[in-house]
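One structure below.
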Amino acid sequence: MIAPEKYQDLSPREAIAYQKELRALINLQELDKPIRYIAGADISFNKYEETVYAGIVILTYPDLIVIEEATAISSTTFPYLSGLLAFREIPALLEAFKKLKQLPDVMVLDGQGIAHERRLGIATHFGLLTDIPSIGSAKSRLHGLYEEPGSKPFDKTPLLSKQETLGFAFRSKAKCKPIFVSPGHKISLNQSVEIIKNCITKYRIPEPTRLAHLLVNRIRIEHKLKV
DNA sequence: GCGACAG
DNA sequence: ATCTTGTCGC
């Protein structure tokens, strides 16, 4: 295992080799425990700067009432490379995660779960490190082929890689582009979409990650003015 | 070599 | 991802 604090020092080829190792540990069994708390996690940053703002919001489920927020301001030198997003964002997310008083039963990350060339999207990677069930909810596709889902809310089509279903193109709202939902770790394909479905209220983006996104942008702006 | 490419 | 106001469509 590689300590997340050392991710910054990895070369892209070492990061890819690590993903191939972690792949063997993925568990896509049903989450049998009831869900009381769900979390959303996200990162924000200013272009050209190394500072990253991480945030996690905990909400009750299925009522979606916010009960806790944790943030961390950190810095990254690992560049954004398609397929290696986790190495750039996870260290800061873990810092925020450690500050939580109430651990969530499941976490939603902004990005892919197993809908990734090596099945190691950021949601899967984060789930493996924390041992918390996780789901990936991305605003665009990274890996896998799909047919455009129907136009009605909650219509969905499978995201396929060869014969394997990695997730779904999910129409969260009518007249909006679909989002891409895939299981991360310790949760099943169908449970992932079902849970995300229960987190859609008035917007295209599910509440956990939508609120986490608002949170990290808030702290980024305030930090930018203060310093 | 060409095209794809989460945030 | 972030930078940004108004504006077109339902």
Side-chain angles (χ1 to χ4, degrees), chain A residues 4 7-8 12-13 15-16 19 22-23 26 40-56 71-94 96 107-128 134-146 151-153 159-162 166-185 192 196 202-206 208-225:
Chain A
Y7 282 3
Q8 309 304 315
R13 99 182 302 173
I16 288 171
Q19 290 182 325
L22 292 178
R23 179 175 183 164
I26 301 170
D42 195 17
I43 288 283
S44 177
F45 60 89
N46 291 309
K47 199 175 180 180
Y48 308 127
E49 289 179 19
E50 294 181 358
T51 304
V52 289
Y53 305 82
I56 297 177
T71 61
I73 298 179
S74 184
S75 83
T76 318
T77 53
F78 200 96
Y80 167 71
L81 296 173
S82 180
L84 301 179
L85 177 66
F87 294 89
R88 173 175 168 77
E89 302 197 344
I90 279 185
L93 287 176
L94 283 174
M107 290 204 60
V108 184
L109 282 286
D110 196 348
Q112 317 295 336
I114 62 168
H116 178 283
E117 40 272 73
R118 289 171 292 281
R119 309 295 180 268
L120 261 124
I122 189 168
T124 302
H125 198 135
F126 195 78
L128 284 167
S134 62
I135 299 171
S137 172
K139 296 178 292 302
S140 61
R141 183 202 73 96
L142 170 65
H143 184 263
L145 302 175
Y146 70 99
S151 57
K152 297 176 184 175
L159 241 188
L160 301 168
S161 184
K162 306 293 179 181
L166 300 179
F168 295 96
F170 179 67
R171 186 82 65 189
S172 52
K173 300 297 283 185
K175 292 154 194 171
C176 282
K177 293 187 301 181
I179 59 175
F180 299 80
V181 178
S182 59
H185 180 53
S192 299
I196 291 300
K202 193 177 187 298
Y203 309 89
R204 171 184 178 233
I205 307 300
T209 42
R210 191 181 75 83
L211 296 177
H213 189 261
L214 291 176
L215 170 63
V216 294
N217 272 311
R218 227 184 297 140
I219 66 168
R220 178 175 59 85
I221 302 301
E222 75 170 46
H223 180 87
K224 192 172 186 178
L225 299 178

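Just so we're on the same page: letters track the sequence lines, and every chain starts at 1.
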Please work out if His143(A) contacts a base, only the sugar-phosphate, or nothing of the nucleic acid, heavy-atom cut-off 4.0 Å. nothing
Which atom names give the shortest non-hydrogen contact between Val216(A) and Gly55(A), and what distance separates them? CG1-N, 3.2 Å
Sugar-phosphate only, base, or nothing, as touched by Gly83(A) at under 4.0 Å among non-hydrogen atoms: base
How would you label the contact of Leu145(A) with the nucleic acid (heavy atoms, under 4.0 Å): base, sugar-phosphate, or nothing? nothing
Which listed nucleotide (dC3(C), dA6(B), dG7(B)) is nearest to the side chain of Glu89(A)? dG7(B)
Ala92(A) and Ala54(A): which non-hydrogen atoms are nearest, and at how many Å? O-CB, 3.4 Å
Measure from the side-chain heavy atoms of Leu142(A) and tell me the nearest of dT2(C), dG7(B), dA6(B). dA6(B)
On a heavy-atom basis, which atom in His223(A) and which in Ile73(A) lie closest, and how many Å separate them? ND1-CD1, 3.4 Å
Can you tell me if Arg204(A) uses its side chain to pair, donor with acceptor, with the backbone of Lys177(A) under 3.5 Å? yes
Quick check on side-chain contact (heavy atoms from CB on, under 4.5 Å): which of Ile221(A), Thr71(A), Asn46(A) does Tyr53(A) satisfy it with? Asn46(A)
At less than 4.0 Å, is any side-chain N or O atom of Tyr48(A) found next to OP1 or OP2 of dT2(C)? Yes or no. no
Decide yes or no for Ile122(A) and His116(A): does some side-chain heavy atom of the first lie under 4.5 Å from some side-chain heavy atom of the second? no
Rounding to a whole Å, what distance do you find between Gln112(A):CD and dA4(B):P? 17 Å
Report the nucleotide, chosen from dT2(C), dA6(B), dA1(C), that has the shortest atom-to-atom distance to any side-chain atom of Lys139(A). dA1(C)
Intra- and inter-strand pairs of DNA chain C in dot-bracket (Watson-Crick or G-U wobble, both distances under 3.5 Å; | for another strand): ..........
His125(A) NE2 - dA6(B) C1' separation (whole Å): 15 Å
Does the side-chain ring of Phe180(A) sit on the six-membered ring of the dA6(B) base, less than 5.5 Å centre to centre and under 30° in tilt? no
Indicate, with a heavy-atom threshold strictly under 4.0 Å, whether Ile43(A) touches base, sugar-phosphate, or nothing. nothing
For a quick test of reading the model: is some side-chain N or O of Ser82(A) closer than 4.0 Å to OP1 or OP2 of dA4(B)? no
Rounded to whole Å, how long is the line connecting atom CG of Asp42(A) with atom C1' of dT2(C)? 13 Å
Side-chain N or O of Asn217(A) closer than 4.0 Å to phosphate OP1/OP2 of dT2(C): yes
Classify the nucleic acid contact of His213(A) as base, sugar-phosphate or nothing, counting any heavy atom under 4.0 Å across all strands shown. sugar-phosphate
Can you tell me which nucleotide in dC5(B), dT2(C), dA6(B) comes closest to the side chain of Ala138(A)? dA6(B)
Could you give the CZ-to-C1' distance, from Arg118(A) to dA4(B), as a whole number of Å? 14 Å
Are OP1 or OP2 of dA6(B) and a side-chain N or O of Arg141(A) less than 4.0 angstrom apart? no
Of the candidates dT2(C), dA6(B), dG7(B), the side chain of Arg88(A) sits closest to dG7(B)
Distance, rounded to the nearest Å, where Asp110(A) contributes CG and dA1(C) contributes P: 6 Å
Please report the distance, rounded to the nearest Å, between CG in Leu84(A) and P in dG7(B). 15 Å
Donor + acceptor pair across side chains of Ser44(A), Asn217(A) (<3.5 Å): yes
Whole-Å distance, Ile205(A) CD1 to dA6(B) C1', equals 12 Å
At under 4.0 Å between heavy atoms, what does Lys47(A) touch on the DNA or RNA strands: base, sugar-phosphate, or nothing? base
Report yes if a side-chain nitrogen or oxygen of Ser44(A) is closer than 4.0 Å to either non-bridging phosphate oxygen (OP1 or OP2) of dT2(C); otherwise report no. yes
Minimum heavy-atom distance between Val108(A) and Ser137(A), given as atom pair plus value: CG1-CB, 3.8 Å
Would you kindly give the CZ-to-C1' distance between Arg218(A) and dT2(C), to the nearest whole Å? 18 Å
Just N and O in the side chain of Arg220(A): are any of them under 4.0 Å from OP1 or OP2 of dC3(C)? yes
I want to know whether Phe78(A) and Tyr7(A) have ring centres closer than 6.0 Å. no
